[in-house]
Amino acid sequence: MEIPVFTLDAFTNLSFKGNPAAVCPLEHELSGDLYQKIAAEMNLSETAFITRINPSDDFTTGSRFHLRWFTPTTEVNLCGHATLASAAVLFEQKKNVNPMLVFETRSGDLAVTKQGEGYVMDFPLNPPTKEDPNAFRDIIKAAAGNHPVQDVYLSSSTKKLLVRLADSCDRSVLTSLKVDPAVLQSSETSGRVKGLILTMKGSPECQPGYDFYSRYFAPWNGIPEDPVTGSAHTVLGSYWSKKLGKKKMLAYQCSSRGGELELEVRDDGRINISGQTVTLLQGTITL
């Protein structure tokens with residue numbers, strides 16, 4: 001069996017920046033065990049598998065596909081950068097003729113549209129609720145150390161905990177934090193949290209004018225730190241839209257690779273997440 005595989009850097013227009021994802025367009029479904037083994041072998045934060053819904057379609061003419069995402073250790077319910085990468089493979093490598101593609105996923109239908117040099121993803125919005133910081137004291141300490149924290153919110157639907165550093169903190173505080181994934185994972189074992197977002201207010205007066213910054217850690221899902229995380233921005237977009245009074249925002253994820261996301265919170269309870277991709281590698285997995 002030969003399986004085509006592409007690796008792309010998502011949420012960037014530069015190679016070796018953004019978030020790398022592997023994408024496998026498949027003629028037929030594989031077993032869940034095999035999906036997981038391939039994802040572990042690729043050893044990226046996400047490997048995406050695209051399959052046809054209608055047997056008469058192909059990757060050039062079809063407009064609806066199944067899409068699943070796997071980390072090196074588990075299948076996840078939602079992934080932004082690997083969805084972006086999957087759309088780019090179909091549009092750019094398979095020369096898909098449709099203006100919009102729809103992926104059927106664990107999080108419902110996700111539509112992706114070409115826009116200029118990049119793509120716009122129609123994603124669910126996951127509003128978080130305010131929490132007592134004392135209830136998450138250990139995980140906050142493991143992530144933020146002694147730096148002052150302004151807000152703690154939890155998205156129960158995604159199990160993502162949002163910790164906002166105080167506005168008195170400089171961006172360098174966020175970028176210089178050394179978070180030990182093993183300590184982070186052991187600090188929260190209740191099952192309430194599967195991902196930690198650290199965020200702070202941006203500097204929209206500076207070019208290119210980021211409204212907020214973030215970093216994201218998910219050792220509970222086998223990802224020590226994720227470089228650029230679309231799913232985290234379904235939570236961040238909701239939080240910062242209310243705090244800043246803005247529908248459209250520009251966000252920057254401050255990992256060592258870094259990545260940029262354009263966000264638009266919609267009135268229908270969803271969010272548009274836009275970004276670019278760079279195709280880095282094309283090959284074949286032989287089984």
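The CG atom of Leu154 sits 10.0 Å away from the NZ atom of Lys159 when rounded to the nearest 0.5 Å. Once rounded to the nearest 0.5 Å, the distance linking CG of Leu78 with CG of Leu110 reads 6.5 Å. The line from CG of Leu161 to OG of Ser156 is 11.5 Å long, rounded to the nearest 0.5 Å. The distance from the CE atom of Met249 to the CD1 atom of Ile271 is 6.0 Å, given to the nearest 0.5 Å. Between the NE2 atom of His147 and the CD1 atom of Ile140 there is a distance of 14.0 Å, given to the nearest 0.5 Å. With rounding to the nearest 0.5 Å, the separation of CZ in Phe123 from NE2 in His233 is 12.5 Å.
Shortest non-hydrogen contact noted between Ser155 and Thr158 is OG-OG1, 2.8 Å. Across Met100 and Ala111, no two heavy atoms sit closer than the pair SD-CB, 3.8 Å. A pairwise comparison of heavy atoms in Lys94 and Pro25 identifies CE-CG, 4.1 Å as the closest pair. Taking every heavy atom of both residues into account, Ala85 and Ala21 meet most closely at CB-CB, 4.0 Å. Across all non-hydrogen atoms, the minimal contact from Gln115 to Ser274 is OE1-OG, 4.4 Å. The minimum heavy-atom distance between Ile53 and Pro55, with the atom names listed, is O-CD, 3.6 Å.
By the rule that hydrophobic residues join a cluster once side-chain heavy atoms approach within less than 4.5 Å of another member, Leu250 and Met200 end up as members of one cluster. Connection of Val149 to Ile197 is not established within any shared hydrophobic cluster, with ILVMFWY side chains joined at heavy-atom distances below 4.5 Å, either directly or through further cluster members. No single ILVMFWY cluster, assembled from side-chain heavy atoms under 4.5 Å apart, contains both Tyr210 and Tyr216.
Between the side chains of Glu225 and Ser255, not a single donor N or O lies within less than 3.5 Å of an accepting N or O. A donor and an acceptor atom, one from each side chain of Trp69 and Ser86, are nowhere located under 3.5 Å apart.
In this structure, Tyr213 and Tyr252 have perpendicular ring planes: the angle between them is above 60°, well past the 30° mark.
Under a 4.0 Å N-O distance rule, the pair Asp268/Arg270 does not qualify as a salt bridge.
The ring pair (Phe, Tyr, Trp, His ring centres under 6.0 Å) search around Phe49 returns Tyr35, Phe70, not counting sequence neighbours. Legend: residues meeting side-chain hydrogen bond (donor to acceptor under 3.5 Å, both in side chains) with Asp170, ordered by chain and number and at least two apart, are Ser172.
Ring centroids of Tyr119 and Phe91 are separated by less than 6.0 Å, placing the two rings close together.
Of the options Glu29, His66, Glu27, a side chain to side chain donor-acceptor pair (under 3.5 Å) to Thr51 is made by Glu29 and by none of the others. Of the residues Asp167, Asp151, Asp211, the one that meets the salt bridge (Lys or Arg N to Asp or Glu O under 4.0 Å) test with Lys243 is Asp151. Of the listed residues (Asp226, Asp9, Asn19, Thr277), just one forms a side chain to side chain donor-acceptor pair (under 3.5 Å) with His81, and that residue is Asn19.
Distance alone, capped at 3.5 Å, is enough to place a donor-acceptor pair between the Gln36 side chain and the Thr74 backbone. Between the Arg257 side chain and the Gly18 main chain, a donor and an acceptor come within less than 3.5 Å of each other. Side-chain atoms of Glu188 never come within 3.5 Å of backbone atoms of Phe136 as a donor-acceptor pair (strictly under, hydrogens ignored). Listed for the Thr61 side chain is no donor-acceptor partner under 3.5 Å among the backbone atoms of Asp57.
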